[in-house]
Peer 1: 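One structure, pasted below without further comment.
Bear in mind that the values here come from a model prediction, so they are computed numbers and not experimental data.
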Amino acid sequence: GQARGKLLPPDSIYFHYYYGVACHQAFRFGEAIRAFSTFLSQKNIPLDLQQDARLRLQMCKNGIGLMRQLKELAVLQKFTSDYANFYRSYDLSSFRSSLGPKPDFLKTKHDKKHEKEPGLAFYHSKSNTLYYSSYGKDGSHGKDIYRVQKLPDGRWSKPELLSQVINTPLDEDYPVLAEDGKTLFFCSKGHNSMGGYDIFKSVYDSTKKEWSRPENLDFAINTPFDDLLFVPHPSMRYAWFASNRMSPNGKVNVFLVRIDKPILQFTEFSPKVLTPDYLQVTSNEYLNTIQKIQQIASMEVNTNEKIYEETDTSKYALWQRYNIPPNPVDTQLVNRAFSYTREAEEAL
């Protein structure tokens, strides 16, 4: 029989791969790099696992690079939702643009093969442009981001594939164009993702007619899990996004976070404690750091702040709106009132 506590071939060749996956998902990036390197040094390992181990090894290196500092986000709301309808948990009532299922006329035969995936489209009302992802006509490049424009006669333009600055050989999905009409948030398994989908930002330069190099939004918005559908509030103070980190099977967690200011800096943190060369896996520094990272990644609601809408009815807003000087004297008020009356009569 098999000796207790020992793995015999062929099981033993997989041990380092699965141990690496577990470490990767637990933010133990250096341990994962060691495990994947050991796995890849073995003979006769299956090609698909070989490719996956190489990709994960690179993602772990990306992860260490993205951990420049630990910032804790202000989390206003957190829901658990079904993957198929998670976007419905986003409150987009104050948004001019809209989000919904991808229209059938944009689905290729390869898209229809993946009907279980919630294919979404984002309509940017100011530019009359719809952004979405698709497997394309031949399905050989994974998912890429496309857009179509609504023409004056109500028809849609031909689908336009966004440039290779945005689209990689790996999957891209969940494009959202911010209110400014030039900042694109999207998800990708390529670029410098630390695992699964990460959320990226790119800005369109209308002079050069090109997108800027995509910037990873960093931890704690991004993790080794799938981080999805980042929709910034028009004020750019808050954002909705979703993630399958620490969520039950088939579910995702949906978060509303404040993005304009972190609420805490974990200054004692140094990314080198995660690197394979420095690793001291039993040291208190290492164990405390991993614990802190996992705690921040869990993104529990940590503020009772409510979302601030641009509907300030204070007296200051009123003065600014009518261009009235602070502490006005009577004659200033009278003169200002007459000028507004005159303007109103001329407009009629």
Side-chain angles (χ1 to χ4, degrees), residues 2 5-67 70 83 116-117 142-143 168-173 187-200 216-228 242-253 271-282 286-287 289-299:
Q2 188 170 323
K6 283 193 176 175
L7 289 168
L8 298 178
D11 294 342
S12 58
I13 68 165
Y14 299 119
F15 168 76
H16 293 288
Y17 170 78
Y18 288 112
Y19 182 65
V21 170
C23 288
H24 179 200
Q25 295 188 341
F27 300 91
R28 301 170 87 110
F29 295 128
E31 290 176 77
I33 290 168
R34 281 183 182 176
F36 290 131
S37 301
T38 306
F39 173 73
L40 289 164
S41 69
Q42 298 172 122
K43 290 176 183 163
N44 304 322
I45 52 176
L47 187 62
D48 57 338
L49 288 189
Q50 201 180 112
Q51 288 171 334
D52 191 63
R54 283 208 180 93
L55 179 62
R56 284 178 180 272
L57 196 149
Q58 183 56 52
M59 285 173 161
C60 290
K61 288 179 180 174
N62 295 341
I64 294 169
L66 292 165
M67 290 278 181
L70 292 189
Y83 177 57
K116 284 184 181 172
E117 296 176 15
K143 279 189 277 191
T168 70
L170 297 173
D171 287 344
E172 277 73 39
D173 205 342
C187 301
S188 176
K189 294 179 180 177
H191 300 292
N192 63 330
S193 163
M194 72 168 86
Y197 278 120
D198 273 12
I199 296 162
F200 292 85
N216 189 303
L217 293 195
D218 283 1
F219 177 81
I221 283 173
N222 289 323
T223 65
F225 297 86
D226 285 334
D227 304 297
L228 311 166
S243 176
N244 67 353
R245 70 184 80 169
M246 299 165 196
S247 63
N249 251 351
K251 306 266 188 186
V252 292
N253 288 317
K272 75 175 183 181
V273 303
L274 301 174
T275 57
D277 300 335
Y278 179 87
L279 268 191
Q280 294 171 359
V281 295
T282 55
Y286 180 71
L287 296 172
T289 298
I290 294 294
Q291 189 181 5
K292 185 67 184 174
I293 290 170
Q294 291 175 347
Q295 179 207 321
I296 294 174
S298 69
M299 300 260 295

Peer 1: So which atom in Phe36 and which in Tyr17 form the shortest heavy-atom distance, rounded to 0.1 Å?
Peer 2: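 Looks like CE2-O, 3.5 Å.
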Peer 1: Nearest 0.5 angstrom please: Leu70 CG to Asp218 CG, how far?
Peer 2: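 It is 10.5 Å, given to the nearest 0.5 Å.
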Peer 1: Determine whether the side chains of Arg54 and Gln50 contain a donor N or O and an acceptor N or O closer than 3.5 Å.
Peer 2: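 Their side chains do contain a donor-acceptor pair, which is all the 3.5 Å distance test asks for.
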Peer 1: I need the Ser193 OG to Asn62 CG distance, nearest 0.5 Å.
Peer 2: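 It comes to 7.0 Å.
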Peer 1: Do Tyr278 and Tyr286 have side chains that approach each other closer than 4.5 Å (heavy atoms only, starting at C-beta)?
Peer 2: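 Contact flag for Tyr278/Tyr286 side chains = no.
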Peer 1: For Ser37 and Leu57, which heavy atoms make the closest approach, and how far apart are they?
Peer 2: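 Answer, listing the atom of Ser37 first, then Leu57: OG-CD1, 3.5 Å.
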Peer 1: Taking the side chain from Asn222 and the backbone from Ile199, do they hold a donor-acceptor pair closer than 3.5 Å?
Peer 2: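 Yes, the answer is positive, given that a donor and an acceptor are paired below the 3.5 Å cut-off.
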Peer 1: With side chain to side chain contact (heavy atoms under 4.5 Å, CB included) as the test, would you mind laying out the steps for Leu49 and Phe39 before giving the verdict?
Peer 2: CA-CA 9 Å; Leu49 288 189; Phe39 173 73; 3.9 Å; yes
Peer 1: List the residues meeting side chain to side chain donor-acceptor pair (under 3.5 Å) with Gln295, not counting sequence neighbours, and say none if there are none.
Peer 2: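 Result, side chain to side chain donor-acceptor pair (under 3.5 Å) vs Gln295: none returned.
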Peer 1: Are Phe225 and Tyr197 an aromatic pair, judged by ring center distance below 6.0 Å?
Peer 2: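 No, the ring centres sit 6.0 Å or more apart.
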Peer 1: Supply the atom-to-atom distance Met67 CE to Thr289 OG1, rounded to the nearest 0.5 angstrom.
Peer 2: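 The distance works out to 10.5 Å.
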Peer 1: Sub-3.5 Å donor-acceptor pair from the side chain of Asn216 to the main-chain atoms of Asn192, do we have one?
Peer 2: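 Yes; judged by distance alone, with no hydrogens or angles, the pair exists.
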Peer 1: For Cys60 and Ala32, which heavy atoms make the closest approach, and how far apart are they?
Peer 2: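 Scanning both residues completely, I find the closest heavy atoms to be SG-CB, 3.6 Å.
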Peer 1: Write down the atom of Phe29, the atom of Pro224, and the distance for their closest heavy-atom approach.
Peer 2: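 What the structure gives for the nearest pair is CE2-CG, 3.9 Å.
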Peer 1: Classify the side-chain pair Asn244/Tyr83 by whether it contains a donor and acceptor separated by less than 3.5 Å.
Peer 2: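 There is no such pair between these side chains.
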Peer 1: Just do the side chain to side chain donor-acceptor pair (under 3.5 Å) check on Tyr19 and Glu31 with the steps written out, would you?
Peer 2: CA-CA 9 Å; Tyr19 182 65; Glu31 290 176 77; 3.3 Å; yes
Peer 1: Check this for me: Gln42, atom CD, are more than 12 non-hydrogen atoms of other residues, nucleotides or ligands nearer than 6.0 Å?
Peer 2: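 Yes, because the 6.0 Å sphere around CD of Gln42 holds more than 12 heavy atoms from other groups.
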Peer 1: If every non-hydrogen atom of Thr38 is compared with every non-hydrogen atom of Ser41, which pair is closest and at what distance?
Peer 2: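 Looks like O-OG, 2.6 Å.
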Peer 1: Any chance you could measure Glu172, atom CD, to Ser188, atom OG, to the nearest 0.5 Å?
Peer 2: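 Reported to 0.5 Å precision, the distance equals 3.5 Å.
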Peer 1: Surrounding CG of Asp48 (heavy atoms of other residues, nucleotides or ligands, distance under 6.0 Å), is the total greater than 12?
Peer 2: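 Above 12, so yes.
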Peer 1: Could you pull out the closest heavy-atom pair between Gly196 and Asp226, with the gap in Å?
Peer 2: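 So the minimum-distance heavy-atom pair works out to CA-OD1, 3.3 Å.
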Peer 1: What I'd like to find out is whether the side chain of Phe200 reaches to under 4.5 Å of the side chain of Leu217, using heavy atoms alone.
Peer 2: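 Not touching, per the 4.5 Å side-chain cut-off.
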Peer 1: What I'd like to find out is whether the side chain of Val252 reaches to under 4.5 Å of the side chain of Ser243, using heavy atoms alone.
Peer 2: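 The answer is no; the side chains never approach within 4.5 Å.
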Peer 1: Does any non-hydrogen side-chain atom of Leu274 lie less than 4.5 Å from one of Phe27?
Peer 2: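 No, every pair of side-chain atoms sits at 4.5 Å or beyond.
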Peer 1: Measuring from Ile290:CD1 to Arg28:CZ, what's the distance to the nearest 0.5 Å?
Peer 2: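 Interatomic distance, Ile290 CD1 to Arg28 CZ, rounded to 0.5 Å: 5.5 Å.
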Peer 1: Between CD1 of Ile33 and CD1 of Ile64, what distance do you get to the nearest 0.5 Å?
Peer 2: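 Between Ile33 CD1 and Ile64 CD1, I get 4.0 Å after rounding to 0.5 Å.
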Peer 1: Looking only at atom types and distance, does a side-chain atom of His16 sit under 3.5 Å from a main-chain N or O of Leu40, one as donor and one as acceptor?
Peer 2: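 Pair absent, no side-chain N/O of His16 close to backbone of Leu40.
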Peer 1: Strictly below 4.0 Å, N to O, side chains only: are Arg245 and Asp227 in salt-bridge contact?
Peer 2: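 Asp227 and Arg245: salt-bridged.
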